[in-house]
Amino acid sequence: MTENTQQTPDSAPELPTQYAPAAVEGPLYERWVERGYFTADAKSDKPAYTIVIPPPNVTGSLHLGHAFQHTLMDALTRRKRMQGFEALWLPGMDHAGIATQNVVERELGKEGVSRHDLGREAFTERVWQWKEEYGGKILGQMRRLGDGVDWSRERFTMDEGLSKAVQTIFKKLYDDELIYRAERIINWCPRCLTAISDIEVEYQDDDGELVSITYGEGEDTLVVATTRAETMLGDTAVAVHPDDERYAHLIGKRIKLPLTDRSIPVVADTHVDPEFGTGAVKVTPAHDPNDFAIGQRHGLESMTVMDERGVITVHGPFLGLDRFEARSAIVGALRAEGRIVAEKRPYVHSVGHCSRCKTTLEPRLSMQWWVKVEPLAKAAGDAVRDGKVQIHPADMSKRYFDWVDNMHDWCISRQLWWGHRIPVWYGPDGETVCVGPDEQPPAGEGWTQDPDVLDTWFSSGLWPFSTLGWPEKTPDLEKFYATDVLLTGHDIIFFWVARMMMFGLYAMDGEPPFHTIALTGLVRDQFGKKMSKSSGTAVDPLDWMNEYGSDAVRFTLAKGANPGTDVPIGEDWVQASRNFANKIWNATRFALMNGATVEGELPPAEELSATDRWILSRLNAAIAEADAYYDDYQFAKLTDALYHFAWDEVFDWYVELSKTTFMGGGEPAKVSARVLGEVLDVTLRLLHPVMPFVTEALWTTLTGKESVVVADWPKDSGFRDAGAETEIENLQQVITEVRRFRSDQGLQPGQRVPAKLDLSGTSLAAHEGAIRQLLRLQPAEDGFHATATLTIAGATVALDLSGTIDVEAERKRLAKALAAAEKDKAQCTAKLGNEAFLAKAAEAAVEKIRTRLSKAEADIERITAQLEGLPKG
RNA sequence: GGGCGCAUAGCUCAGCGGUAGAGCGCCGCUCUUACAAAGCGGAUGUCGGCGGUUCAAAUCCGUCUGUGCCCACCA
């Protein structure tokens with residue numbers, strides 16, 4: 001596109017007038033990786049800064065939520081790297097037990113093969129193959145995003161080293177009696193055919209029906225209400241409240257269980273709410289957690305009536321029926337016997353579903369492995385209470401405490417094949433042996449290993465240290481543990497964060513896995529609604545990256561990152577960020593065309609113009625502000641501040657003001673070129689962690705240096721110049737006001753107007769050229785006749801509009817402004833006349849009002865003068 | 001049933017005790033030493049309702065309404 005390039009001086013490189021991210025980003029990323037910028041050195045003398053990535057599922061692909069969190073983690077590590085830390089951002093993947101097994105099973109299903117046809121060994125082999133071929137798509141996408149991760153340290157939770165970590169900690173917990181095996185009611189997925197833990201259950205309100213059934217015969221009857229009639233086959237008691245007089249006469253008696261030849265006892269238990277339903281509860285210890293507890297208290301038998309697929313196993317008319325078929329069949333049979341008292345009633349209640357496949361879960365009595373969480377959770381809570389670990393934003397810690405302080409034991413065994421197999425062998429005489437990583441499993445006749453694998457979160461709980469080589473005392477572990485920040489969504493505080501805390505403190509002798517937990521919100525669409533694949537509102541971030549560039553996507557995400565709150569994002573906003581990238585591009589292009597440079601020392605302040613001192617003062621303030629926001633994980637404020645500093649102050653005002661200087665040429669132009677070079681250099685470095693690509697392309701061009709990735713992070717020199725800031729603010733006011741006047745007068749922006757300036761009473765004399773340039777004011781020639789005279793900040797601007805002035809429009813505008821100023825004056829006067837205010841208000845507040853008052857008075861004077869200066873109409 | 005949060009411009013959100021803000025959108029006018037993905041100017045809000053504290057409240061307290069999320073063994 002040759003017509004798209006502009007002629008530039010020989011020395012300046014030619015840049016197209018529009019930033020084309022696609023051409024720039026890919027090669028830059030590969031160059032960074034080749035040069036090893038992201039590879040951390042455990043032997044380095046620099047202080048370490050470590051973030052481990054929340055390992056995406058091996059089955060996953062990049063979605064906006066990843067893009068969001070990755071942007072923030074990348075920004076944090078990039079900045080720390082620039083600040084001179086040995087920064088490590090460690091990537092990797094999670095084997096994601098159930099999720100992956102399901103994917104591969106589905107694949108096999110297409111070939112008409114089940115995993116059982118293959119057998120365990122061949123099946124897991126198949127999963128590994130699948131992993132090699134299709135897994136880790138997201139890792140490639142991370143390159144596109146610009147993630148500066150250390151690829152040499154990429155880990156997978158099923159790696160040999162990490163598997164060893166799993167076995168090591170299992171053994172340690174087992175030996176410390178923090179892991180045990182017990183038969184309990186667990187959440188069972190009849191489709192995945194495995195137990196899942198409490199937090200893997202998704203509750204939703206389902207429509208059910210409450211049916212009332214008469215139990216017993218003759219005098220000894222009562223009515224129970226249930227939504228799960230099919231489990232009555234396994235009832236081993238009816239429970240009533242001990243104080244419930246309606247049933248007092250039945251307590252201790254046995255009554256007949258309908259449809260069976262069994263009779264069951266009536267027991268008294270305070271768990272029963274006499275207000276609910278009929279106040280009598282059927283008790284099925286093998287199929288309901290509450291009933292199981294009641295069974296324990298009363299020594300009841302547990303009768304399992306369904307198999308692992310939810311099919312009735314009790315001999316009789318219902319044998320072989322699926323649980324839902326059985327439900328209606330049993331209700332039908334009861335009705336035939338006249339035992340359905342009232343007609344069934346629609347009833348909405350919360351039902352657990354498998355978080356992986358959405359199947360309705362079946363509580364099931366079964367033998368599983370458990371982690372005794374109490375001591376671990378206590379330590380995890382204390383670490384935050386003691387301030388060893390900080391949670392950002394702080395109010396999220398309440399949620400964390402609620403969880404760790406009330407945690408139930410964690411069911412860790414899964415009836416799956418894909419995962420870390422439980423390192424326990426059972427002997428022929430009922431022995432149980434837990435095998436450590438360096439031990440041989442017991443050999444000989446009759447010994448078998450537990451067939452189950454561990455919950456996928458068991459291994460991810462070790463992630464912050466297993467990835468660094470634990471249980472070996474590796475240099476990596478020494479250097480990079482504890483990690484600095486754990487940045488993740490608040491949706492996995494319990495799944496992952498709490499588990500890492502427990503395991504980290506336990507395995508690393510009380511040293512927590514990270515010092516800071518930075519919790520982010522979830523990404524939403526532009527109306528704040530959840531994005532979902534099914535409704536088609538989910539966006540593939542790659543589409544946006546392809547169209548607008550990765551920097552634009554990243555900047556937009558960071559701009560939405562108010563701590564802990566959800567992040568809405570719409571395509572319009574990505575466009576706005578793309579525009580910002582383009583603005584940076586063009587501003588730098590302009591600078592290069594005018595010889596902007598970073599060569600040579602910056603002249604001392606006393607040799608600089610007020611404009612230069614002003615921008616350098618603002619620049620250093622911007623550095624300080626950026627640092628404060630970075631340190632506080634305030635990405636929305638950070639990006640907002642940088643956006644406005646760069647666009648408004650540098651690209652609009654400073655660049656526009658500098659044009660006059662450049663046109664003048666000579667030494668001032670050289671100084672300006674140096675200052676502009678400095679300002680851009682720093683601004684690009686400040687933006688680099690969030691927008692790595694444009695900034696790299698421009699910064700290397702501007703400075704001729706190797707890469708901004710390894711540049712120093714800007715330091716606030718402490719330079720501030722309040723005088724220059726005031727001066728430029730006045731200048732801005734003069735320009736803005738005259739522009740408004742021009743606009744109100746219907747003058748076209750480019751139209752030149754003869755004008756006389758009187759800047760004698762101000763500090764703006766040096767800016768006359770700039771004022772004339774920016775306001776398109778021509779020198780006054782013979783016959784100049786001022787038709788409008790504006791007085792702003794002590795400066796007088798007389799314009800000759802040759803009789804074309806719209807006096808009425810101007811009078812109206814001024815009258816409005818005058819009214820506003822007078823109102824302001826009145827407000828301030830009232831305040832300053834208020835003794836209570838003067839007595840109690842802070843000095844700064846009073847001073848502010850005084851300033852405001854004097855400004856209002858000046859405005860009134862100015863506007864009055866202008867009104868008087870208007871031609872009589 | 002418990003807990004937490006949110007209600008501010010058409011939309012998405014900042015501000016959290018001293019003159020109501022941003023981005024996008026909207027209305028004018030413009031190719032002007034980079035950038036029309038731009039420039040300049042403009043309009044737009046009883047800061048959810050009602051009470052209270054205060055010299056001063058979008059900001060603190062109470063209450064109501066609406067809304068979102070988390071937790072819980074709602075037969």
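All chains are named by letter (A, B, ...) in the order of the sequence lines, taking the proteins before the strands, and each is independently numbered beginning at 1.
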A.B. asks: Separation of Glu202(A) atom CD from C69(B) atom P, in whole Å?
C.D. replies: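 Between P of C69(B) and CD of Glu202(A): 13 Å.
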A.B. asks: Remember a base hit wins even if backbone is also touched, and classify Val846(A) as base, sugar-phosphate or nothing at under 4.0 Å, heavy atoms.
C.D. replies: nothing
A.B. asks: Between Trp647(A) and Tyr643(A), does the ring centre distance come in under 6.0 Å?
C.D. replies: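 Judged by ring-centre distance (under 6.0 Å), Trp647(A) and Tyr643(A) do meet the cut-off.
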A.B. asks: Which is true for Lys398(A) with a 4.0 Å heavy-atom rule: it touches a base, it touches only sugar-phosphate, or it touches nothing?
C.D. replies: sugar-phosphate
A.B. asks: Using a 4.0 Å heavy-atom cut-off, does Gln575(A) contact any base of the nucleic acid, only the sugar-phosphate backbone, or nothing at all?
C.D. replies: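 No contact at all - Gln575(A) keeps every heavy atom at 4.0 Å or more from the nucleic acid.
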A.B. asks: Of the nucleotides A37(B), C74(B), A14(B), which one has an atom closest to the side chain of Lys637(A)?
C.D. replies: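 Of A37(B), C74(B), A14(B), A14(B) is nearest to the side chain of Lys637(A).
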A.B. asks: For Phe580(A) and Phe651(A), take the angle between the two ring planes, folded into 0 to 90°, and tell me which bin it lands in: parallel under 30, tilted 30 to 60, perpendicular over 60.
C.D. replies: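 Answer is tilted, since the angle falls between 30° and 60°.
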A.B. asks: In whole angstrom, what separates Phe635(A)'s CZ from A22(B)'s C1'?
C.D. replies: 20 Å
A.B. asks: Distance check: side-chain N/O of Trp647(A) vs OP1/OP2 of G39(B), anything under 4.0 Å?
C.D. replies: yes
A.B. asks: Which nucleotide wins on minimum distance to the side chain of Asn562(A), given the candidates C55(B), C13(B), A34(B)?
C.D. replies: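 Between C55(B), C13(B), A34(B), the one nearest the side chain of Asn562(A) would be C13(B).
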A.B. asks: NA contact type, Phe292(A), heavy-atom cut-off 4.0 Å: base, sugar-phosphate, or nothing?
C.D. replies: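 Counting heavy atoms under 4.0 Å across all strands, no contact is made by Phe292(A).
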A.B. asks: Taking atom P of U32(B) as reference, at what distance in whole Å does atom CD1 of Ile735(A) sit?
C.D. replies: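 After rounding, the gap between these two atoms is 19 Å.
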A.B. asks: Output the rounded distance in Å from NZ (Lys855(A)) to P (U19(B)).
C.D. replies: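 The distance from NZ of Lys855(A) to P of U19(B) comes to 13 Å, rounded to the nearest Å.
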A.B. asks: Can you tell me which nucleotide in G23(B), G41(B), A37(B) comes closest to the side chain of Arg578(A)?
C.D. replies: A37(B)
A.B. asks: What is the separation between atom CD on Glu649(A) and atom C1' on A22(B), rounded to the nearest whole Å?
C.D. replies: 15 Å
A.B. asks: What nucleotide among A75(B), G18(B), A34(B) has an atom nearest to a side-chain atom of Phe276(A)?
C.D. replies: A75(B)
A.B. asks: Where the side chain of Lys583(A) is defined as all heavy atoms beyond and including C-beta, which of G41(B), A38(B), A75(B) is the nearest nucleotide?
C.D. replies: A38(B)
A.B. asks: Using 4.0 Å as the upper bound for N to carboxylate O, is an ion pair formed by Arg228(A) and Glu362(A)?
C.D. replies: yes
A.B. asks: Which part of the nucleic acid does Arg740(A) contact within heavy-atom distance under 4.0 Å: base, sugar-phosphate only, or nothing?
C.D. replies: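 Here Arg740(A) touches the backbone only, sparing every base.
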A.B. asks: Write down the atom of Val574(A), the atom of Ala552(A), and the distance for their closest heavy-atom approach.
C.D. replies: O-CB, 3.8 Å
A.B. asks: Give the rounded distance in Å between these two atoms: CD of Glu656(A) and C1' of A38(B).
C.D. replies: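 Whole-Å distance recorded here is 11 Å.
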A.B. asks: Given atom CD of Gln204(A) and atom P of C74(B), what is their separation to the nearest angstrom?
C.D. replies: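 So the CD-P distance, Gln204(A) to C74(B), works out to 16 Å.
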A.B. asks: Under 4.0 Å, counting only non-hydrogen atoms across every strand here, what does Asp652(A) touch: a base, just sugar-phosphate, or nothing?
C.D. replies: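 Counting heavy atoms under 4.0 Å across all strands, the contact made by Asp652(A) is with sugar-phosphate only.
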A.B. asks: Applying a 4.0 Å non-hydrogen cut-off, can you work out what Thr227(A) is touching in the nucleic acid: base, sugar-phosphate, or nothing?
C.D. replies: sugar-phosphate
A.B. asks: Between Lys816(A) and G42(B), does any side-chain N or O lie under 4.0 Å from OP1 or OP2?
C.D. replies: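 Result: no.
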A.B. asks: Nearest to the side chain of Asp640(A), which nucleotide is it out of G3(B), A38(B), A22(B)?
C.D. replies: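 The listed nucleotide nearest to Asp640(A)'s side chain is A22(B).
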A.B. asks: In whole Å, what is the span from the CZ atom of Arg399(A) to the C1' atom of G3(B)?
C.D. replies: 10 Å
A.B. asks: Tell me what Phe662(A) touches on the nucleic acid: a base, only sugar-phosphate, or nothing, going by heavy atoms under 4.0 Å.
C.D. replies: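 Answer is nothing: Phe662(A) stays at 4.0 Å or more from every strand.
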